[in-house]
Each structure stands twice: as C-alpha cells, then as structure tokens.
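Below: the structure, in structure tokens.
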Protein chains: 2
Amino acid sequence: MPDQHSTLRAQRRAETQRAIQAHAVRLFTERGYDATTVTDVAEAAGVSPMTVYRHFPTKEDLVLIDQHGQLVAERIAATPATQSLVRRIGSALIDSATALTSGRHENNLTADGRFLLARLRLMISTPALRAKHLDNHYALQQAIVAAIEDDATDPETTFHAQAAASACLAVLHTALVRWAEDDGRAELPDLIAKALAAAFGDDIVDTRRDAGPPQPGG
Amino acid sequence: MPDQHSTLRAQRRAETQRAIQAHAVRLFTERGYDATTVTDVAEAAGVSPMTVYRHFPTKEDLVLIDQHGQLVAERIAATPATQSLVRRIGSALIDSATALTSGRHENNLTADGRFLLARLRLMISTPALRAKHLDNHYALQQAIVAAIEDDATDPETTFHAQAAASACLAVLHTALVRWAEDDGRAELPDLIAKALAAAFGDDIVDTRRDAGPPQPGG
DNA sequence: ACCAAGATGGTAGTAACTACCAGTGCGGTA
DNA sequence: TACCGCACTGGTAGTTACTACCATCTTGGT
C-alpha cells in the first residue's frame, strides 16, 4: 500500500514529482517541447533521467498528468438522474471548472491557475501533447459513461451515453482552447456554459442549479 | 508539380504507397501494432525502411492516412446556411458516410469497406493510433469551421462553430466505434444519425433531406 | 540492531525518426 | 536518338524516447 503507508515517503515522492513537472513545463514553455529532452528536464530538476521515467511514464505525461479528471466522473454520479444526459454532464463540467479556477482576485489567476494555463497552452500548441490529451478525454468519457450507467448495461443506453459524453467533452475542449487563447482572463465556467449552449441549444444550460425540464438526449 | 507531371510516376508512387499501407495494416492486425516494427513493414512490402518513411512520415500514418477527411469539409459549404450548425454538419457527415460505405451487397462489405474497418479497429484499440486519430479529427474540425465561416470572422461566431463542430465530430467518433464493434454489419449512416439524435435531440436529424426548422446552435 | 520495501541511479539495448549523400530510372529536350 | 534534370529509392550514422536488469541507499517497523 503506497498510499497511506508512510506520510514522509509519500510527501517526498509527491514533492519530487511536483518539482519535476514544474521544471518540465517551464523548460517546454521556454525552449519548446520537442527541443527539450527528458535529460534536460532531469538535470533541471536535479534528478537522474531514470527518476523522471519512474514518476512520468512518458514525456507527454510530464505535461498531461493531473488529478482533475476523476473528479468529474464522481460529480456526474451525484447529479439527479431525472435530467437529460447532456444537462447532467454539462453541469458537472461547469461545477468542476468552477472549483478548479476558484480563488482568483479580479484579473489575477492563482499560481495553480497560471500553471494550469501554461500546461494547457502546451497541450494545444504541441501536436503530440494535443493528441494524447484528446485521448485522455476519451478515457474520461468512458469513466463518465460508467458513472452514468452504474448498473444497467443496455447496449442502446450505453450508446446514448457515449454520444452525449463525447459531445460534451468535445465542447469542453473547445471552451478550454478559448480560455487559453484568452490567457485565462474570461471565466472558464461561463465559457463552458456558452459553448454548451452553442452546441446543444440555449435551453440546455441552467444559470441556476435547480432542475429544469429535460429535453434532448434523455 | 508532382501532381500531373507524369502519370506513370504518379501511378507507381500511388501503388507503392497503397502496397505499403496494405502490408502495414495486415501486419499490425496479425502481430499487433507495437510488436511490428517499421522495418518489418518495409520488408513485407519489399522496400527499404527509408521508402516507408518517405511515403508515411510517422508509423501512425501507416494506418491513419486517407483522403476522406477533406471531402467532409467541402460538403459542409454546400449545405444551406439557413439550417442550424449541428444540422448542417450532421447531414454532411451522414452523406459522407453514405458515400463511403456504399456498394455493399447484403451483409458483405466491399474490399474498401473491409480495409476501412480493419484500420478503424486498429485506431480504436491502439492508444497511439487512437490519440493521433482524435487529433486528426481536431484538424478536421478546424477545416469545418473554416468552411462554415468562409468570410465573416466574428470571434463569437467562430466560437459557436468550434463548439458545434467539435461536438458533431465527437459524436461521429462514437458512431464509428460502435460501427467497428459491430464489425460493420450495421449501416454507418444510421448509426451516425442515431448518435446525433442521442446527443442533440431526436428533432435534429432529418430522415429526408429537406430543410426542417432550425432550432439550437444557429 | 535488523530486515523489508520503496526510491534512486547506472548500463545496455531497442526502435522511431532524421539528416546527409549516392545510385537508378523516368521525362522532356536538342 | 542521345542527353540532362528530377523524382524515387537506398545506405549510413546519429539522436532520442523508452525499457529491462541490477546495485545502492534510505525509510519504517520489529
């Protein structure tokens, strides 16, 4: 059990991991992703290349790894099943984005927010990162579908959930790109809501968090 | 101009390219993608590894390269601008799928159809291929947005188009996965239509090709 | 004090990919 | 018909991401 066995070990490990990723994102931003080798990152972080690979299986993971993904799936299961699929998923995405970008003062992002923005810019501009990031969204889609079904596994129902989840996550990606292009000045939840409305219709996104009439996709 | 300069040269080039891809897909299916090296593909096709890289920049392109993508974007511009975005894109996708899978007898796919199915299975099951395939969809999304705008470049309009296009292509991907899981027995256009209906509502897809009332996403 | 286990580092190897240069056959031209 | 340009192909050497396999050291519990 590497989870709880020792706090000191876990702390050290988490710290080196954080340091490696921070140096990696910094170097990738400064010199470019392809122009920076894993050895460069290792030297900057003061560890051996081996250690980098222990913490991050691939070079892409140096940018992509975070914990935000699984939070969304958990949030889905908590939404009322009376609403339509896109409404449930959409509101979960907006809530997650709200939690993620909270704690900002006026136009200034937090340190976490700036780090997220830097990673996002890399993900969008670097083909290899963009591809694997989209694939991560695909994995998240599977988790969302699993969270929705929970028990019943009718193939038709699964297909509906797949379609709704994939569409919602694609819309989320569009909003993330827009947010990054805007240098994080706009409110991410608002962008997601606007993108959802653009794709599914203005009536799909609720400004207040009370259940509205479910329409499509249910 | 390597396009029209010589028919014999172009024919030879196209033939070797086709042969390399055919051997690649066969070997990848038989032995697995990761277990097959580019050198293996080159030997099977009777050419040098260098030639393989000349025709296909990356190993992934051995599976991913085709010409279907750009056809969709062209089809979009031909749709009436009076309809909603998702309806325009959706019908273009369905039409493209119809053209792509036409010419089948009962339950038997054509040779092209079987080849497409084999490639699709690889794209779905192999992480590296899946990632780059999704990134290709992202590139196609940009082309679709460009085809929709055509002249006016209002940022807000672009954002709407991005959201709608990304959602539609994600739904398309879901339908393609389903089609591959079904071994190509189902009708691909029908699956796309069903997936679109699941995501955007039953009223978004027209069974007949006459303009209906535009609702969301316009 | 001692042992189990986790974290780190080193070495060697594979495979994708990239210049750089050389040979060969097709295509138009004198 | 002879000739030159050019596209296509092949070879060599090198870089880099990534993977075993093994040795070392530190940490946590007995």
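For the pair Q17(B) CD and dA7(D) P, the computed distance is 17 Å after rounding to whole Å. One can place OH of Y53(A) at 14 Å from C1' of dA20(D), the figure rounded to the nearest angstrom. The CD-P distance, from Q11(B) to dC8(D), rounds to 14 Å in whole Å. Spacing between atom CG of D61(B) and atom P of dA16(C) amounts to 14 Å, rounded to whole angstrom units. Atoms CZ (R13(A)) and P (dG6(C)) sit 11 Å apart, rounded to a whole Å. We find that CZ of F56(B) is positioned 15 Å from P of dA16(C), with the value rounded to whole Å. Per the geometry, NZ belonging to K59(B) stands 21 Å off P belonging to dT16(D), to the nearest Å. Taking atom CG of D34(A) as the reference point, atom C1' of dT15(D) lies 13 Å away to the nearest angstrom.
Taking the six-membered ring for Trp and thresholds of 30 and 60 degrees, H173(A) and H133(A) have ring planes inclined between 30 and 60 degrees apart.
Note: L191(A) CG to T174(A) OG1 = 11.0 Å, rounded to the nearest 0.5 Å. To the nearest 0.5 Å, atoms CG (D135(B)) and NZ (K132(A)) are separated by 13.5 Å. Rounding to the nearest 0.5 angstrom, the gap separating the OG atom in S102(B) from the CG atom in L188(B) is 11.5 Å.
Between L62(B) and F28(B), some side-chain heavy-atom pair lies under the 4.5 Å cut-off.
When each of T16(B) and T37(A) is assigned the nucleotide of DNA chain D bearing its nearest heavy atom, the one mapping closer to the 5' terminus is T16(B). Map Y33(B) and T51(A) each onto its nearest nucleotide of DNA chain C; the residue landing nearer the 5' end is T51(A).
Within 4.0 Å of T39(B), counting heavy atoms only, lies no atom of the nucleic acid at all.
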Derivation and outcome, salt bridge (charged side-chain N to carboxylate O under 4.0 Å, His left out), residues R12(B) and E15(B): CA-CA 5 Å; R12(B) 272 200 193 280; E15(B) 171 54 26; over 6 Å; no
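Within the structure, a side-chain polar atom (N or O) of R12(A) is placed less than 4.0 Å from OP1 or OP2 of dT27(D). Here H55(B) reaches the OP1 or OP2 of dT9(D): one of its side-chain N or O atoms lies under 4.0 Å away.
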Every protein N/O within reach of nucleotides 11-14 of chain D N/O, cut-off under 3.5 Å:
none

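Contact check on R178(A) versus E156(B) returns a salt bridge, with a Lys/Arg side-chain nitrogen under 4.0 Å from an Asp/Glu carboxylate oxygen.
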